[in-house]
Novice: 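Got a structure for you, written out below as structure tokens; questions coming shortly.
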Amino acid sequence: VAADAVGVAANSSVIPQLLGGGASTLASFAESEGASAIVASFPIPELPSAGEPFQTQPNHRFEQWTLSAMIQNEGTGEWQWIEQQFFRIAIAPESGKENLSAWGFRDVMAQRYTTYNFSSEQGQSSSSAERRAMQLSDVTEDSVFVNDNVAWITSNGCSSSISLDRMDTTMLWTARECPTRRQLGNTIISAADTDFVKGVGWLFHAYGQIPTAAGAVMIDQLEVRLPDKTKLRVNRSRRRSGTGPVTVAASLLSNGKTHSLRDVQWVEQFDGDALFPTGIRIEAPSLPLVLDVEMPSTLPTELLGTGFGIQHGVLITIENIVMPGIISLQPRIQEAS
Amino acid sequence: VSRLCLLSLCVVLCACQDKTSTSSTTEDSAQNKASQSTQWLATTGVVPAYEQRAGNADKGRFALLNESYVNCGVPERVFRELQNSVADERPVVGVSGRDSSMDGLPYSVNRVIGRTGTPVVSSNCLTCHGTELFGELIIGLGNEFADFTQDASIIVERAGALVRGVDETAEWELFADRIAAIAPYTRMHTVGVNPANNLTFALISHRDANTNAWLAEPNLPSPPTDPPPVSVPPWWRMVKKNALFNLSEGRGDHARFMLAASMLCADSVDELNFIDQYAPDVRAYLSSLTPPEYPFEIDLELAKHGRPIFEANCAECHGSYGLDGQYPNKVVPIEVVNTDAKLMEIATDEVGQRYAEWFNASWYGELSEVAPAKGYVAPPLDGIWATAPYLHNGSVPNIQLLLNSGQRPTLWRHVATDANDPETYDTINVGWKYEPISIGSITGSSQVDNKRERISDLNDNRVYDTRREGYTMSGHTFGDGLSKAERQAVIEYLKTL
């Protein structure tokens with residue numbers, strides 16, 4: 001396994017628990033997926049401290065790391081999409097930390113993990129928020145190692161970008177992305193098998209101000225792998241004032257490239273006065289493609305202090321295939337009384 | 001940040017594009033008008049000279065790089081925050097002769113004071129009319145790599161997420177509202193070309209002709225949502241040309257035309273009059289510019305051989321060069337040049353006439369006049385090596401193909417993403433390198449399994465598809481009769497201009 005690989009055999013007793021889902025695993029997926037919990041872990045490679053753009057940004061209170069990868073089981077040839085995300089909001093200044101992690105444990109607010117097998121058309125998603133939700137309340141900080149090099153690939157060949165400079169990201173905060181796909185190879189240990197997989201993936205690192213703390217505009221975002229394994233990302237912007245245009249941008253990410261789509265529509269359904277929709281339809285006529293997004297029956301997993309909710313594993317129907325996606329929503333703008 | 005530059009800059013480009021000047025005597029432009037229903041149009045043929053207001057070139061350069069002729073934009077704090085985030089990997093290229101308040105800002109933007117007193121950053125003319133060519137900023141060289149393929153409104157709306165406070169929000173909302181109004185009419189299919197003409201029409205439709213006030217709803221028909229593409233011409237042509245723009249529609253006082261750059265933000269005649277005070281200086285500066293010399297080796301013997309061939313085949317329209325050079329200032333009829341007619345058709349149809357009537361009845365028309373001809377100006381060819389791709393719509397990648405119409409690619413992809421790498425410049429054919437694309441790869445299967453490839457090609461904004469309306473590479477067949485050796489000799493000569 002190469003040093004820059006993702007997901008080596010477990011060398012941390014904690015991370016598998018993180019990924020096991022636990023209390024906040026979405027009920028809908030628990031039902032559809034059964035009990036085949038995936039156990040993956042991340043390496044703590046013997047690498048020098050990660051430089052830009054993957055180094056933790058202590059001057060920014062908000063930070064998000066996302067690894068998106070397509071991997072193939074060498075034995076069966078089956079393709080699988082894996083999306084792993086860590087989300088951090090700095091609550092208090094860090095001090096006196098001696099381990100290699102620049103992330104304060106107290107700052108790791110959420111982790112999410114989604115996988116989808118294209119052959120079996122089955123997906124799974126787990127989502128954990130806050131220390132208690134992560135089932136780590138009984139561990140000490142010293143025993144937790146959220147390494148800077150989690151999912152670390154390389155900084156070579158990567159470029160820096162900001163959201164406003166890329167239609168495909170539209171993240172509100174400073175974002176640094178490795179557009180060059182990296183070859184991945186590793187062992188995935190599931191409840192049933194230990195398989196060797198290989199594939200490609202990229203790392204996305206976003207950081208900056210807490211995007212919803214102020215600002216004149218709110219952003220909603222949806223991501224899903226299409227049946228042809230292309231990733232579709234849809235973003236919507238709304239002015240907090242309720243005036244002005246609601247804009248929708250969508251892009252396909254494939255083969256290390258991004259392609260913007262025109263004229264994408266985003267339509268929502270609400271249940272009464274709920275702040276978050278119960279259903280969303282995305283129409284991309286240039287493909288053409290229609291996505292029906294069914295939100296989980298559980299209450300929106302609003303992240304404390306941020307004002308918005310992120311959910312991995314929302315059910316998305318594409319051409320009669322039901323698969324998990326990821327959606328980040330800000331609450332509905334209340335009409336002025 | 002670069003996208004934020006592009007959107008307001010595209011406002012600038014419509015006005016700054018292909019501005020020309022002359023110090024010749026005034027003639028009655030009406031003499032050049034046809035009669036009957038096309039009375040408002042100019043005739044093809046020689047364009048008369050128009051008297052220009054005198055200006056100071058040094059003051060004009062300062063004004064261009066410092067003044068508030070586009071006085072709305074993104075709050076400076078937001079702009080700098082975004083810029084600083086990427087400064088380590090995208091060094092800022094500045095320009096000399098600016099106020100210290102603009103330290104650290106790229107050459108393509110000006111810092112100005114908004115209506116609330118909050119400093120904002122707006123694009124200046126150089127976003128389109130400046131290019132880093134092999135590492136050196138060339139003021140006046142059209143940016144043939146600018147990307148107008150995205151929805152400008154989406155970009156600006158997202159900038160709002162970083163806006164804080166009442167004043168910043170007010171500045172941003174004003175700017176965002178204006179961009180939202182014009183965005184549907186300014187999105188191109190491929191990088192490198194821009195929507196200058198369409199943008200001007202969209203802005204006119206939102207302006208009151210008498211007061212120059214911004215109208216939330218347009219009071220004229222909207223331009224097409226698929227803008228005809230325009231390749232950005234270099235400013236150094238100004239010293240020779242009598243009329244502005246591809247159709248010679250910019251007649252009369254050129255400095256006044258340039259103030260169309262202020263149509264996005266300036267909301268009163270008083271504001272325009274203030275800006276107009278230094279507009280002649282800017283015109284004088286633009287007229288003082290000269291093209292960069294060809295930086296690669298030239299076969300001077302071959303170039304010498306090419307000169308008489310050029311003069312026999314090209315000079316009648318494009319002029320002659322050297323100390324005794326003459327530029328004829330000709331508009332070539334569309335039926336003769338036969339290049340893509342879309343740009344001309346839109347400007348000269350009934351809707352185009354309404355835009356022209358608006359302009360001529362407005363403050364702008366006090367000193368200048370819109371009068372397009374049904375043809376295209378044959379431009380002077382000084383520094384032509386640096387201005388690829390060619391034709392008014394940028395549809396032909398290099399001069400070799402410009403002179404051999406049968407070899408032009410139907411589909412081609414830009415290789416370079418900017419003008420800095422000499423390795424991406426084709427010194428044989430003279431132009432930026434490109435990749436021809438087979439038509440089959442674009443129009444492939446619609447099966448789901450092939451969707452990724454199909455989608456990728458269809459959405460590749462680096463591909464120039466000459467089958468699109470307005471994007472065709474037809475016409476200008478005047479070099480087809482040359483032998484290969486003659487053509488190569490002409491190309492070598494053109495490198496010396």
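Order of the sequence lines sets the chain letters (A, B, ...), proteins ahead of strands, with each chain counted from 1. The figures that follow rest on heavy atoms only: side chains count, while hydrogens, waters and symmetry mates do not.
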Novice: Between A:Thr243 and B:Glu173, what is the shortest heavy-atom contact and its length?
Specialist: OG1-OE2, 3.8 Å
Novice: Which region of A:Val248, side chain (C-beta onward) or backbone (N, CA, C, O), has a non-hydrogen atom less than 4.5 Å from a non-hydrogen atom of chain B, or is it both or neither?
Specialist: backbone
Novice: Under 6.0 Å from the CD atom of B:Glu435, do we count more than 12 heavy atoms belonging to anything else shown?
Specialist: yes
Novice: Heavy-atom distances under 4.5 Å only: say whether A:Arg239 touches chain B with side chain, backbone, both or neither.
Specialist: side chain
Novice: I need the B:Arg187 CZ to A:Arg262 CZ distance, nearest 0.5 Å.
Specialist: 4.5 Å
Novice: Do you know which two heavy atoms are closest between B:Ser153 and A:Thr247, and how far apart they sit?
Specialist: OG-CG2, 3.9 Å
Novice: Any idea which heavy atoms bring A:Ile219 and B:Arg158 closest together, and the distance?
Specialist: CD1-NE, 3.5 Å
Novice: Kindly compute the distance separating CG (A:Asp263) from OG1 (B:Thr225), expressed to the nearest 0.5 Å.
Specialist: 9.0 Å
Novice: Which answer fits B:Ala176, side chain, backbone, both or neither, if we ask what part of it has an atom under 4.5 Å from a heavy atom of chain A?
Specialist: both
